[in-house]
Number of protein chains: 2
Amino acid sequence: MELSDRKKLILRAVVENYIQTAEPVGSKAIVASAGLKVSSATIRNEMAELENLGLLEQPHTSAGRIPSPQGYRLYVNELMEEHRLTIQETQKINDALHLKIRQMDQVMSEAGKIISQLTRYPTFALATGSKKAVISRYDLLMVEENSFIAVLMTDGQVVKNKLFRLSETVSAPQLQLLSTLLNTSFTGLTLEELTPELLKVSAHAGEEAYSLISLVVSFAIEVLEEMENHVVHTAGIPSLLAHPEYQSLEKAEPLMNFLSEMGERGSLPAVQGKNVKILIGPENLADELKDSSVIMASYDIGGGMQGVIGVVGPTRMDYADLAARLSYFAEGLSRMFGKGELAEPAEE
Amino acid sequence: MELSDRKKLILRAVVENYIQTAEPVGSKAIVASAGLKVSSATIRNEMAELENLGLLEQPHTSAGRIPSPQGYRLYVNELMEEHRLTIQETQKINDALHLKIRQMDQVMSEAGKIISQLTRYPTFALATGSKKAVISRYDLLMVEENSFIAVLMTDGQVVKNKLFRLSETVSAPQLQLLSTLLNTSFTGLTLEELTPELLKVSAHAGEEAYSLISLVVSFAIEVLEEMENHVVHTAGIPSLLAHPEYQSLEKAEPLMNFLSEMGERGSLPAVQGKNVKILIGPENLADELKDSSVIMASYDIGGGMQGVIGVVGPTRMDYADLAARLSYFAEGLSRMFGKGELAEPAEE
DNA sequence: TTTAGCACTCGTTCTTCCTGAGTGCTAAAG
DNA sequence: CTTTAGCACTCAGGAAGAACGAGTGCTAAA
């Protein structure tokens, strides 16, 4: 059933009032805020109906109404006006984008910090790959006679390095050989294929060569594992406390713990699809998020990889504003990654 | 003036009781806990004197006593028994040490996470260098005709890389030349010396070469800046909330914000000297820490660098236990970095 | 269909009172 | 001189109650 225009207006007024004040909205407040030429009693009747429809809720009998998750959902889907960022806001975001950002996986973590500062909400950021990551290239650089650096590059243009110190010495030709072998046998393999291949090669190679190979390949495995686990960066967790719904510790603590452990355990709401996505209250899979909302936006990194950045907050969030900011920010990132020439689009 | 043995015993009992219960300690409790054969009235007299000396405090007239910062200080300096870790605890730390740790600056951040999990307190970790860091070596790896990877190594054995994409193309010989130039002119220079040198070279080099050089040198500057700023990693901030002194938001919030921003702004209590250091309450420089204590331990990374890892908590902390853990952990890290052969002592 | 009026609900806040842990002091005992 | 028992006193914290007021639902009239 379609809502009457007046009901929509009222629902919207409730949501927007509540977003601002964090307090239940009464019928009088609606009369004052929305430009309706009816009395509060009429509004009360309408609100009672909206409550029956499950769009509004009463925290207790004699309080105003607050939007239910369904109410927010309807608001987000139909009622919300696309928020236009002010010039200052876009300027702020642009500045933030141009500053600071350096290496690929730092991009995600930096982006999170920036967004958190901009929005005063905790953020999370991660990268997802549509396909499995593989190592595309190995370079070995000699440091001293008993140490060398391995530089690995994945197909997603991510570069990682590691310094190895050995108990025995290696010569430059040995390293050269090793490098050739690695590039021949261990490129283009997914995580699952690496270990079997390692075993296979071990049969042919000598003891000493094998130990070197396995050192580097172990590192490759680490790198790929890290990428597959979609390491999550979080930032700005304490900013939760600034919002009235998390003033009570019982509310704040589990969520804060969840957020800070999210980074470790990689447990994350499954995400895909383009652009901005909003999950309201119980729409979230994780129990800890059932009373909170998540707004996230994805951006293209290139190389089949997508970055996702999101903010977490109370269901009472300024969805319009946040969605606009995230979206704009994500577009900026996509652009940065897109045309690699500009500025500093480098990756680690 | 030296305290009588009985006063010491009482002070110690107060501290240890309070550490456990987080509640003011009364005279009766002391009689029960310490093996003293005197009545509570006697204890009361003694406690009154200890209060006059500034070692104990009363939250309000009719409550028990709690240690003042000076009381804690005296306890830590003279009364505290060196805590011996149980075999399980050392085992736990050893496990943690061998696991996970990979790259140099990840060591610090990982170590922080581990300690935070072990202690249930927020941690911070950073590296300090006694001397200025310099770039000791540049390697340039060709990727495609319009992109290359720069691998930089500092004297502290820290390796960083970055992928550069260009709008024009470069040839292998060009890169070779560039690499030689960088290694000749831009190694061994501190942050302050790099920029002047860059200007000097720009005079001789052609337009195009100069733009490449400045790209890489800018990166070098970034790397050195990052190292000089002693980037601080924090972890486990939400675990603050588990402790009763931070149950009230007014107490918790400023500290949490301070900790989370510490990572950004690099503002940190100046640290040096070996081994474990304890800062109690007002001994901390930062205002936000005036009601908290910091326990930190340093470890040797090698190459003139020192790592520092610390925990932050209420003044009521189990100093003995935490100091022992941190110290043991730091020793483990020093050992790891010391003999480079073992396990995985690599650095980024 | 809208509105005014009114009784009712119920969270919030303020006050009051009570309790009990713990103190400081005094005076007697060791 | 030190220790102890006794006692009056203090004060945070919790419980209970009262007053308040914002907001509702319902009824009856416009």
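As the structure is a computational prediction, the values presented were derived from the model and not from experiment. Order of the sequence lines fixes the chain letters, A, B, ..., with proteins taken first and strands second; residue numbering starts at 1 for each chain.
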Does this structure show an ion pair linking B:Glu89 with B:Arg325, if we count only N-O contacts that are shorter than 4.0 Å?
yes

Charged N to carboxylate O below 4.0 Å: is that the case for B:Arg12 and B:Glu81?
yes

How close do B:Leu259 and B:Pro122 get, counting heavy atoms only, and between which atoms?
CD1-CB, 3.9 Å

With both pairing distances under 3.5 angstrom for Watson-Crick or G-U wobble, and | for a partner in another strand, the correct string for DNA chain D is ||||||||||||||||||||||||||||||

Any ring-ring contact (aromatic ring centres under 6.0 Å, His included) involving residues 9-50 of chain B? Give me the pairs, sequence neighbours left out, ordered by first then second residue.
none

Using the test side chain to side chain contact (heavy atoms under 4.5 Å, CB included), find all partners of B:Lys28 that sit at least two apart in sequence or belong to another chain.
B:Ser40

Polar side-chain atom of A:Ser68 near backbone of A:Leu55 as donor-acceptor pair, under 3.5 Å
yes

For B:Glu78, is the CD atom crowded, meaning more than 12 foreign heavy atoms sit under 6.0 Å from it?
yes

In the structure I gave you, are the side-chain heavy atoms of A:Pro67 and A:Arg73 within less than 4.5 Å of one another anywhere?
no

Judged by atom type as modelled, is there a donor-acceptor pair below 3.5 Å linking the side chain of B:Asn284 to the main-chain atoms of B:Ser292?
yes

Report which part of the nucleic acid A:Ser27 touches: base, sugar-phosphate, or nothing (heavy-atom distance under 4.0 Å, all strands).
sugar-phosphate

Please list each protein N or O that sits under 3.5 Å from an N or O in nucleotides 12-22 of chain D, with the distance.
none

Students should find that the nucleotides of DNA chain C closing off the region near chain A, any atom under 4.0 angstrom from a heavy atom, are C:dT2 to C:dG11

Apply ring pair (Phe, Tyr, Trp, His ring centres under 6.0 Å) to A:Tyr75 and A:Tyr319, showing your working.
CA-CA 9 Å; A:Tyr75 170 75; A:Tyr319 295 98; 7.0 Å; no

Which heavy atom in A:Ser116 sits nearest to a heavy atom in A:Tyr121, and how many Å separate them?
OG-O, 3.2 Å

For residues A:Glu288 and A:Leu255, report the shortest heavy-atom separation together with the two atoms involved.
O-CD1, 3.8 Å

Near DNA chain C, which residues from residues 41-50 of chain B have a heavy atom under 4.0 Å away?
B:Arg44, B:Met47

